[in-house]
Q: 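Quick one: this structure, given as structure tokens, is what I'll be asking you about.
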Amino acid sequence: MTDTKSNAMWGGRFAAGPDAIMEAINASIGFDKRLARQDIDGSRAHAAMLAHQGIVDVKDADAIREGLLTVLSEIEGGNFAFSTALEDIHMNVEARLAELIGAPAGRLHTARSRNDQVATDFKLWVRAQMDAAMEGLEALVRALLGQADAGADWVMPGFTHLQTAQPVTWGHHMMAYVEMFGRDLSRFRDSRARMNECPLGAAALAGTSFPIDRDMTATALGFDRPAANSLDAVSDRDFALEFLAAATICAMHLSRFAEELVIWSSAQFRFVTLSDRFSTGSSIMPQKKNPDAAELIRAKIGRILGANVALLTVMKGLPLAYSKDMQEDKEQVFDAADTLMLALAAMEGMVRDMTANRDALETAASSGFSTATDLADWLVRELDMPFRDAHHVTGALVKMAEDAGCDLPDLSLAQMQRVEGRITEGVYDVLGVHNSVASRMSYGGTAPVQVRAQIARWKERLA
Ligand code: ARG
């Protein structure tokens, strides 16, 4: 089928075939073969529409549609010889179709261009990735809810600047990530709804003189409507950029959580134990159990953000409509999508399998003067002190405890009264970490009651 002289698909006006280097830089088949299924779905919808509109006769369209199924099964079965001379997936499929069914194959490209074809294929592919990302995120959220449920009232240190700040609950910390991944999910959902318009029928750039029915192909391919402007339809890739932007933000959340897991699983923290299934050993240090999955998730954002920057850079200076630059839209999106799905699955597995060490969490929560704010609030409430003065008094008490090498609840009442004579026995009620978290009853706060309410709201949302 391939003409060694000039390209069989567009070589009519060419006397000679391309230089080998030209062929190498021009071809996309090495990567866009991943769009085979979408390409064939799009072509089958197009052929059915051409027949319905009387543009191609029904017998030819049926032969095309059947032949395309054969091509698909050859590709999916690994029995397809991809040709670089045929440049891309679109021409590889069409050329094979011609081998299989002969002349009618030449009618498939009526009222269509590779420009609207590739935009449609790629949109279908990105749309499926958005669905997969949402599925992965939902599974991760469920795993986090499981952790939050189990330890809704377990206390742990809450940090600012990675310094002990105030006690929080394990459930509260898990639910913070549920909120983040929940927003990621809604970002994919929003983008999907916005991008779901079909480019097919925009043809090369200006539309076509054939009486096509764009609603018919849009519906057949699961789009909400045809894209309204043919120039825009073939020349924007903002749908892929939105996917990458949402993926980048999601990867950033994954990376932050991964960083916490790396810290938490260290011998110095021991907040969590990662399962053997999601850890690795060292080839020289027998005692080691390394959080490699978390570290790799932490690192993966580089590739995803890189893809985002790369595609924005490709697109930013392009005049309307299609330019071949846009062939550079695919590889990095493929890689970013693969990377995101893997990172989501690994994080879900890690979260599902990990064990929070309740005792270590509580011990850490009780050190570092974590209830100093509770003490200051008590002085405000019970002694009617202005908060600034209470802050000062508390600071002096912290200093006293620090010098004595103990924690706030270990100071005697007499010691405290040396700093502020009006302090009473009642102060000890707020110095314990459990009372501290239980008192933070404000909406969204760390009190177990509030955390359980957050969990319940999320379970309802997912149901
Ligand atoms: N392989 C091309 C791409 O990925 C398909 C579109 C080619 N269009 C064209 N006018 N040369 O962008």
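Ligands are counted one by one from 1 in listed order, and the atoms in each one are counted from 1 as well.
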Q: With a 6.0 Å cut-off (strictly less than), is the heavy-atom count around CD of E66, excluding the residue itself, greater than 12?
A: no
Q: Please determine whether a side-chain nitrogen of the Lys or Arg among E260 and R256 lies less than 4.0 Å from a carboxylate oxygen of the Asp or Glu.
A: no
Q: Of all the non-hydrogen atoms in the protein, which one sits nearest to atom 8 (N) of ligand 1, and at what distance?
A: N115 OD1, 2.9 Å
Q: Could you tell me, atom by atom, which parts of ligand 1 come under 4.0 Å of a heavy atom of K330?
A: 3 (C), 4 (O), 12 (O)
Q: Step by step, work out the side-chain contact (heavy atoms from CB on, under 4.5 Å) result for E242 and R194.
A: CA-CA 10 Å; E242 280 200 43; R194 192 167 22 257; 2.8 Å; yes
Q: Give the ring-plane orientation class for F181 versus H253, where under 30° counts as parallel, over 60° as perpendicular and anything between as tilted.
A: perpendicular
Q: Ion pair present between D184 and R187, side-chain N to carboxylate O less than 4.0 angstrom?
A: yes
Q: Any nitrogen or oxygen of D88, side chain or backbone, less than 3.5 Å from one on ligand 1?
A: yes
Q: Taking only heavy atoms of S28 into account, list the atoms of ligand 1 that are under 4.0 Å away from them.
A: 1 (N)
Q: Mark up the atoms of ligand 1 that fall under 4.0 Å of a heavy atom belonging to Q327, in ascending order.
A: 1 (N), 2 (C), 3 (C), 4 (O), 12 (O)
Q: Describe, in one word, how the ring planes of H173 and W264 are oriented to each other, choosing from parallel (under 30°), tilted (30 to 60°) and perpendicular (over 60°).
A: perpendicular
Q: Out of Y322, F122, F31, indicate the one that has the non-hydrogen atom closest to atom 7 (C) of ligand 1.
A: Y322
Q: Among all protein heavy atoms in this structure, tell me which lies nearest to atom 11 (N) of ligand 1, with the distance rounded to 0.1 Å.
A: R114 NH2, 3.6 Å
